[in-house]
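Here the structure comes first, spelled out in structure tokens, and everything after it is commentary.
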Amino acid sequence: MTDFRTLRGMADLLPIHTDRWQFVEDLVRIHFKKAGLQEIRTPLIEATELFSRGIGEATDVVSKEMYSFVDRGDRSCTLRPEGTASVVRAVLQHGLLNQGPQRLWYGGPMFRYERPQAGRQRQFHQIGVEFFGLSSVRSDAELISIAWDFLQDLGLSGLKLELNSLGTFEDRKKYHSRIVSWLEDHYKMLDKDSQERLYKNPLRVLDTKNPTTQKLLEEAPMLKESLSMDSLQRFADLQFALKKLEIPFEINNKLVRGLDYYCHTAFEITSTNLGSQSTVCGGGRYDQLVEELGGPGTPSIGWAIGMERLMMLLDENIDIQNVPNAYFVNRGEDACIQALVIARKLRTLGLTVELDNSQAAFQKQFKRANRSKAKWVLILGENEILKGEVLVKCLTSTNKQFENLETSFDISDIDGLVKLLKSF
RNA sequence: GCGGGCGUCGCCAAGUGGUUAAGGCAGCGGCUUGUGGCGCCGCUAUUCGGGGGUUCGAAUCCCCUCGCUCGCCCCA
């Protein structure tokens with residue numbers, strides 16, 4: 001044990017994890033490509049004000065969770081706590097909106113100074129999608145379908161899509177005053193947490209876990225009662241589109257996303273297999289954010305998936321370890337250099353070869369060969385060198401055709417060797 | 001920021017006041033200079049997260065501290 005450890009809330013991804021991460025990352029790229037999305041990469045550090053203005057001064061993320069510091073030029077800088085604000089900044093800075101609607105995706109680490117728990121770290125990873133300049137409900141449905149189809153393709157089960165409409169900002173403002181005055185009238189009957197939230201973030205009182213408050217709230221004014229006719233129609237249209245896409249969903253009137261900038265569509269994809277932090281994917285529409293950050297009025301919508309939470313949902317049993325085609329056992333002075341040469345040739349021809357350079361006893365090398373899960377083992381020792389051959393054995397018993405197969409190839413017959421190794 | 005649980009070898013662990021701190025996995029060496037996945041033998045913690053105290057004596061009791069973990073808040 002050394003003196004140094006990762007900082008609290010920071011995690012190393014070891015080889016056993018990175019195999020799985022790469023599998024997921026490869027799959028999501030395929031999905032994004034098929035959906036015609038383009039990748040955008042922004043810096044991890046931005047001016048603090050970008051987030052305080054974009055996400056909302058009063059939100060928890062901004063008020064108590066940001067990793068901020070003053071740099072040597074006296075500027076207040078912040079490690080990004082989410083992706084959307086940075087993407088909007090980049091889109092505006094480079095005038096991308098002048099080239100028409102943008103359909104973008106991003107991915108990478110985000111930082112939030114919170115107490116770590118299951119499904120929550122201080123450095124965590126998100127992949128997200130943002131559409132700019134698309135106002136139709138069909139974009140909302142399409143955007144949701146991209147997330148849904150990707151998660152389904154990963155073989156995840158037990159996922160639930162929850163949906164709500166927050167209406168326009170006017171709708172929300174109207175509701176805000178209604179709910180606040182109702183809550184004030186019932187102040188004494190609220191639990192302590194809800195009393196505090198009443199002034200901090202009243203819409204979130206709806207989401208309380210306290211059962212008596214929950215019951216009380218059944219009488220409270222509902223958000224949807226404050227929505228305008230247009231907002232209601234829009235919400236109905238979205239539901240219609242999702243039904244056409246055969247994406248199952250549930251309406252959750254209490255779903256209020258925490259970030260200030262959402263309007264109209266808000267949604268979450270949750271799983272019961274995650275512990276207390278059950279949201280894998282969250283998103284919504286934010287038609288005023290671009291303007292808020294100094295750009296032209298631009299309808300926008302996006303979502304983000306939490307990679308760590310996603311990884312927790314992946315079936316432990318699915319085998320996505322990258323297994324080599326062959327493990328190369330070798331021993332002896334001539335053999336080891338010959339093995340190096342052959343291994344390189346095989347790699348050039350597209351095979352993955354793990355070369356044992358230990359010169360350890362054959363027994364040892366064979367043990368490692370098995371552990372590597374390689375399909376084949378190549379053997380080159382003094383006897384083989386004398387005969388000018390490489391010995392090949394099949395290591396897996398899952399394939400009956402090759403089970404217990406043991407054969408030799410002339411050292412110069414690389415093509416024959418490759419043909420066999422590629423045969424399964 | 002506030003609660004609960006936990007901290008013995010790289011990993012999983014037994015041990016709850018008494019001479020040398022079980023065991024398993026992994027690692028290394030050997031049986032066997034050459035054939036594994038299921039053999040056998042041996043080696044690997046002067047030390048129990050760290051510091052202080054109680055005691056003839058502590059991994060085991062007390063205090064402080066650090067870390068991990070789960071939950072609240074909030075969010076991906």
Going by the side chain to side chain donor-acceptor pair (under 3.5 Å) test, which pairs reach into residues 48-57 of chain A, not counting sequence neighbours?
A/T48-A/S76, A/T48-A/T78, A/E49-A/R53
Let me know the distance between CD of A/E406 and P of B/G37, rounded to the nearest Å.
15 Å
B/A13 and B/A26, which share atom name C1', separated by this distance in whole Å:
14 Å
Using a 4.0 Å heavy-atom cut-off across all strands, classify A/A304 as base, sugar-phosphate, or nothing.
sugar-phosphate
Filtered N/O pairs between nucleotides 38-41 of chain B and protein, under 3.5 Å:
from, atom 1, to, atom 2, distance (Å)
B/G39, O6, A/Q363, NE2, 3.1

For A/H17 and A/W21, does a side-chain donor sit closer than 3.5 Å to a side-chain acceptor?
no
When A/P299 is tested against each of A/S136, A/S135, A/P101 for side chain to side chain contact (heavy atoms under 4.5 Å, CB included), which residue passes?
A/S135
Tell me, please, which residues at least two apart from A/E354 pass side chain to side chain contact (heavy atoms under 4.5 Å, CB included).
A/P324, A/Y327, A/S372
For B/G67, which nucleotide in any strand shown is its Watson-Crick or wobble partner with both distances under 3.5 Å?
B/C6
Between the side-chain atoms of A/R120 and the base atoms of B/C74, is any donor-acceptor pair under 3.5 Å?
yes
The ring-ring contact (aromatic ring centres under 6.0 Å, His included) partners of A/F150 (sequence neighbours excluded) come to A/H31
Using atom C1' in both nucleotides, what's the gap between B/A59 and B/G18 to the nearest angstrom?
13 Å
Could you tell me whether A/E114 contacts a base, only the sugar-phosphate backbone, or nothing, with contacts defined as non-hydrogen atoms closer than 4.0 Å?
base
Opposite nucleotide pairing with B/U19, Watson-Crick or G-U, both atom distances under 3.5 Å:
none
Please report the distance separating the P of B/G57 from the corresponding atom of B/A14, rounded so that it comes out in whole Å.
29 Å
Out of A/L97, A/T42, A/L293, which residue meets the side chain to side chain contact (heavy atoms under 4.5 Å, CB included) rule with A/V88?
A/L293
In terms of side-chain geometry, is the basic nitrogen of A/R122 or A/E114 positioned less than 4.0 Å from the acidic oxygen of its partner?
no
Could you check whether A/I127 gets within reach of a base, just the sugar-phosphate, or nothing at all, counting any heavy atom under 4.0 Å?
nothing
A/E184: which residues meet the side-chain hydrogen bond (donor to acceptor under 3.5 Å, both in side chains) condition with it, sequence neighbours left out?
A/Y199
Re B/U54: Watson-Crick or G-U wobble partner, both distances kept under 3.5 Å, found to be none
Determine which pairs satisfy salt bridge (charged side-chain N to carboxylate O under 4.0 Å, His left out) with at least one residue from residues 136-151 of chain A, sequence neighbours left out, and list them in order.
A/R103-A/E142, A/D140-A/R234, A/D140-A/R285
What interatomic distance, in whole Å, is found between C1' of B/G27 and the corresponding atom of B/C12?
15 Å
State which of B/U35, B/C74, B/A76 makes the closest approach to the side chain of A/F124.
B/A76
To the nearest angstrom, how far is A/Y113 atom OH from B/G1 atom P?
6 Å
Whole-Å distance separating the CG atom of A/D60 from the C1' atom of B/C73
7 Å
Return the orientation label for the A/Y262 and A/Y286 ring planes: parallel under 30°, perpendicular over 60°, tilted otherwise.
perpendicular
Side chain of A/R368 only, heavy atoms from C-beta on: which candidate in B/U35, B/C28, B/A76 is closest?
B/C28
With a 3.5 Å limit on both atom pairs, tell me what B/C38 is paired to, counting Watson-Crick and G-U wobble, or say none.
none
Span that lies between the C1' atom of B/C43 and that of B/C38, in whole angstrom:
23 Å
If the condition is ring-ring contact (aromatic ring centres under 6.0 Å, His included), which residues does A/Y67 pass it with, not counting sequence neighbours?
A/Y113
Hey, does A/Q359 reach any base, or is it just sugar-phosphate, or nothing, if we go heavy atoms under 4.0 Å?
nothing
Between A/I379 (CD1) and B/U35 (P), how many Å, whole number?
11 Å
Atom C1', compared across B/U47 and B/G15: separation rounded to whole Å
14 Å
Position toward the 5' end of RNA chain B (nearest nucleotide), A/K64 or A/L380:
A/L380
Between C1' of B/G37 and CD of A/Q365, the distance in whole Å:
16 Å
Report which part of the nucleic acid A/L310 touches: base, sugar-phosphate, or nothing (heavy-atom distance under 4.0 Å, all strands).
nothing
Any N/O pairs under 3.5 Å between the protein and nucleotides 67-69 of chain B? List them or say none.
from, atom 1, to, atom 2, distance (Å)
B/C68, OP2, A/R8, NE, 2.9
B/C68, OP2, A/R8, NH2, 2.9

Taking only residues at least two apart or on different chains, which pairs with a member in residues 156-183 of chain A satisfy salt bridge (charged side-chain N to carboxylate O under 4.0 Å, His left out)?
A/K160-A/E250, A/R178-A/E225
Measure from NZ on A/K364 to P on B/C31 and round the result to the nearest Å.
11 Å
Tell me what A/E268 touches on the nucleic acid: a base, only sugar-phosphate, or nothing, going by heavy atoms under 4.0 Å.
nothing
Starting at atom CZ of A/R197, determine the distance to atom P of B/C72, rounded to an integer number of angstrom.
11 Å
Using atom P of each nucleotide, how far apart are B/C48 and B/G10 to the nearest Å?
13 Å
Tell me which residues in residues 273-285 of chain A put a heavy atom below 4.0 Å from RNA chain B, sorted by number, or none.
A/G275, A/S276, A/Q277, A/T279, A/V280, A/C281, A/G282
What is the distance, rounded to the nearest whole Å, between atom CD of A/E162 and atom P of B/A76?
14 Å
For nucleotides B/C61 and B/U8, find the distance between their P atoms and express it as a whole number of Å.
15 Å
Identified pairing partner of B/C43, criterion: Watson-Crick or G-U wobble below 3.5 Å:
B/G27
Tell me every residue that passes ring-ring contact (aromatic ring centres under 6.0 Å, His included) with A/F169, counting only those two or more places apart in sequence or in another chain.
none
Excluding sequence neighbours, so at least two apart, what forms side-chain hydrogen bond (donor to acceptor under 3.5 Å, both in side chains) with A/R41?
A/E39
Please give the nucleotide sitting opposite B/C72 as a Watson-Crick or G-U wobble pair, both distances under 3.5 Å, or none.
B/G1
Whether the A/R368 and A/Q365 side chains hold a donor-acceptor pair (N or O, under 3.5 Å, no angle test) is what I'd like checked.
no
